[in-house]
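I have placed the structure first, in the form of structure tokens, so that the comments after it can refer back to it.
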Amino acid sequence: MSWIENRFEEGVMVTSLDWAINWGRSSSVWPMTFGLACCAIEMMAVGASRFDFDRFGAGAFRAAPRQADLMIVAGTVTYKMASRLKRLYNQMAEPKYVMAMGACTVGGGPYFKHGYHVVKGVDLVVPVDVYVPGCPPRPEALIEGLIRLQDKIKHQTRAKKSMNTFREAAIA
Amino acid sequence: MAPEEICGILKSEFGEAVEDACLDCGRPYALVSADSWPKIARFLRDDARLGFNLLCCITSLDMLAENKLAAIYDVCRIPFEGKADLLEFVHEFAVRIEVDRDSPSIPSVAEIWPAADWHEREAFDMMGIVFDGHPDLRRILCPDDWVGYPLLKDYEFPVEYQGIPGTTEHELLSPRH
């Protein structure tokens, strides 16, 4: 949670502020270069001119976790890599998002059965926001994943959530 | 030089240490005893007729049925500058060593061929063969706190590593050979 989350009294409406902040965040999602295997090639293709991730404001691949908002885990995560992945995730500043790209990160993929060294899904290590299946996913699929993430960001709110609001929402 | 000649030189030099040989198979090799391996390796490299100056690779083999582990060293001779007749000069051979599976131990040849350093570390990492006299015998691929040797045929997959669960269908999926 970032500096502005959960700072308002209950019942305060912050729709315009939400809209502005969400617009800003979703329009400049800076990904971290986290290419681990063959999926990274597709991720590079997405960053290059043909598919052009920059159209969605996500073209600035950062090589440092502290400058990045989104970790695209592109490739096979081994148990040995998992500790490094967790450390890099912890070093990222809030708000932070994780995208699991490809079959290996989604659930172990082809290594599920015979890979003694592969983590069976990166969601066992860090929380994942968007899953992009495929082996590897086409660049269009990754762009789709980013758009889904932008949708998710646009629905976030700064308003304080209480049990009452949930209940009212459930009744409504 | 033909494999028969190479094997003949080895047999005349070391006699009983060369236990067996397979010369008409795809990759001709001589089976030698582990104790005499450093002497043979040094001879393979330094002898003027053989002059194997390159260790191409080390293959380790799990012979579960015979309760043995094997290491196969592929050596070859590549020309340095100034060697005119390339095809005459280039030749290759393999040496096979079989050790007991319960306490696998082979003398290291990292001193003789520096290439053996990392190859032996990998064979140790994956199969658990201990190379005596190796300068730095640590795991090379797996993490230091890894349990077991993954490429052994009776290896069991980790149920959990540093809090990360292994496959959920572990019992169902553990490999059977």
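First the proteins, then the strands, lettered A, B, ... as listed; each starts at 1. Bear in mind that the values here come from a model prediction, so they are computed numbers and not experimental data.
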| request: Check the hydrophobic clustering (I, L, V, M, F, W, Y; side-chain heavy atoms under 4.5 Å; chains of links allowed) and say if Ile40(B) and Tyr29(B) are grouped together. | output: no

| query | With a 4.5 angstrom heavy-atom cut-off, which part of Ser83(A) approaches chain B: side chain, backbone, both or neither? | reply | side chain

| message | More than 12 heavy atoms of other residues, nucleotides or ligands under 6.0 Å from OH of Tyr111(A): yes or no? | response | no

| How about Glu16(B): does its CD atom have over 12 heavy atoms from other parts shown lying under 6.0 Å from it? | no

| If you count the non-hydrogen atoms of other residues, nucleotides and ligands that lie under 6.0 Å from CZ in Arg50(A), is the total more than 12? | no

| message | What's the separation between atom CG in Leu124(A) and atom OH in Tyr161(B), rounded to the nearest 0.5 Å? | response | 15.0 Å

| query | If every non-hydrogen atom of Trp146(B) is compared with every non-hydrogen atom of His117(A), which pair is closest and at what distance? | reply | CH2-CA, 4.3 Å

| Closest non-hydrogen atom pair between Pro158(B) and Tyr79(A), with its separation | CG-CE1, 4.3 Å

| message | Working to the nearest 0.5 angstrom, can you tell me the gap between Lys80(A) NZ and Gln162(B) CD? | response | 11.5 Å

| Set of residues satisfying side-chain contact (heavy atoms from CB on, under 4.5 Å) with respect to Thr33(A), sequence neighbours excluded | Phe61(A), Ala63(A)

